[in-house]
Amino acid sequence: MKKELRINKIINGDCLKELKKFPDDSINLIVTSPPYADRRKKDYDGVAPEKYVEWFLPISQEFYRVLKPNGSLILNMKENIVNGERHTYVLDLILEIKKQGWIWTEEYIWHKKNAFPGKWPNRFRDSWERCLHFTKNKKFKMYQDNVKEPIGDWAKKRLQKKYANDDIRTMSKTQSGFGRRVANWSGKRKVYPSNVIHFATVSSNKNHSAVFPERLPDWFIRLFTKKGDIVLDSFVGSGTTALATLKLDRKFIGIERNKKYYLSAKRRINMLKKELKI
Ligand SMILES: C[S@@+](CC[C@H](N)C(=O)[O-])C[C@H]1O[C@@H](n2cnc3c(N)ncnc32)[C@H](O)[C@@H]1O
């Protein structure tokens, strides 16, 4: 079978089956939000928490094959509560995925700015999700300047007065190699962000119950790709990643198994293509 990419298309099918048709080392970035374990089973066939790792590993193996050596994989997921405690399937998955050769380069935290108010007797509301960053190599493409953000008001106050150590590069005591020189921030309007990203969840109905905000894939696409690169979302749902990709002048491939969501994603993409005249 000749392996090829179907560029700027949403594919209706099972991602494991469809990924096998992709050539090796062909994708620049995979950014995706797989179904949560057992959540919303009625809507899109959740996977039982105890079977999650076993279910996911063949897929991450294919991700490894199709991703370029300098590419990145972003997995947006969060373990849920099972029998009154956090399940460990995400942690188990990280350990198992590393055995496939993946490097667990970073973990970004998506802070959901508008999480519903509320509390439980034993915990508070959940307002963050993991965005796990895996790479095939320690050196990979990262365009940090693309996600610089306004420095914020705290800096004005902090930088009014200089302290003795502000001009010296202070290295982290954990020996992580991270260092900072406070004076570098002087006069800056835009700075690099941290690994906590703050976006509100989506409130408008996109005919899907687990949509992430477009700003989420947008941020990772800007960070890890350049114009013309190929971005894959193998669990594309309502098509959010595909829309963000197209708006940033990159190429997308989306895979969605559920016919209803596939049709909805395709409709949204076609509308955008018309708007962008492509
Ligand atoms: C968490 S949702 C993704 C939502 C998406 N990020 C959005 O903004 O709309 C996961 C999606 O994966 C789809 N899915 C589940 N198993 C799949 C599989 N094996 N292959 C392709 N899609 C699958 C589900 O139907 C669901 O739409």
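Along the sequence shown, residues carry numbers from 1. Order of listing sets the numbers, starting from 1, for every ligand and every atom in it.
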**Request:** Test the Lys136-Tyr64 pair against the cation-pi criterion, namely NZ or CZ under 6.0 angstrom from the six-membered ring centroid and within 45° of the ring axis.
**Result:**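 Satisfied, under 6.0 Å and within 45°.
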**Item:** Ring-face cation of Lys78 near Trp128 (centre distance under 6.0 Å, axis angle within 45°)
**Value:** yes
**Request:** Mind running side-chain hydrogen bond (donor to acceptor under 3.5 Å, both in side chains) on Thr245 and Arg250 for me, showing each step along the way?
**Result:** CA-CA 5 Å; Thr245 306; Arg250 277 78 163 159; over 6 Å; no
Would you mind running through ligand 1 and noting each atom that sits below 4.0 Å from a heavy atom of [X]?
X: Tyr261; value: 25 (O), 27 (O)
X: Ser234; value: 21 (C), 22 (N)
X: Asp14; value: 18 (C), 19 (N), 20 (N)
X: Ser238; value: 7 (C), 8 (O), 9 (O)

**Prompt:** Where's the contact between Val236 and ligand 1, heavy-atom distance under 4.0 Å: side chain, backbone, both or neither?
**Reply:**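 Just the backbone.
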Taking the minimum heavy-atom distance to [atom], which of [options] ranks first?
atom: atom 13 (C) of ligand 1; options: Met77, Glu256, Arg268; answer: Glu256
atom: atom 8 (O) of ligand 1; options: Thr32, Leu19, Thr240, Asn76; answer: Thr240
atom: atom 12 (O) of ligand 1; options: Trp55, Phe235, Tyr262; answer: Phe235

**Item:** Partners meeting ring pair (Phe, Tyr, Trp, His ring centres under 6.0 Å) with His133 (sequence neighbours left out)
**Value:**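 His133 satisfies ring pair (Phe, Tyr, Trp, His ring centres under 6.0 Å) with Phe140, Phe224 once adjacent residues are dropped.
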**Complete:** Sorted by chain and residue number, the ring pair (Phe, Tyr, Trp, His ring centres under 6.0 Å) partners of Phe220 (sequence neighbours excluded) come out as Tyr108
**Request:** I would like to know whether Asn12 and Glu256 meet side-chain hydrogen bond (donor to acceptor under 3.5 Å, both in side chains); could you show each step before the answer?
**Result:** CA-CA 5 Å; Asn12 184 205; Glu256 173 54 50; over 6 Å; no
**Message:** Please confirm whether Pro217 approaches ligand 1 to less than 4.0 Å, judged on its heavy atoms.
**Reply:** no
**Prompt:** Is the closest heavy atom of Gly13 to ligand 1 under 4.0 Å?
**Reply:**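 Right, Gly13 reaches ligand 1.
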**Prompt:** Are a donor atom and an acceptor atom from the side chains of Arg181 and Thr170 found within less than 3.5 Å of each other?
**Reply:**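 On atom types as modelled, these side chains do not qualify, holding no pair under 3.5 Å.
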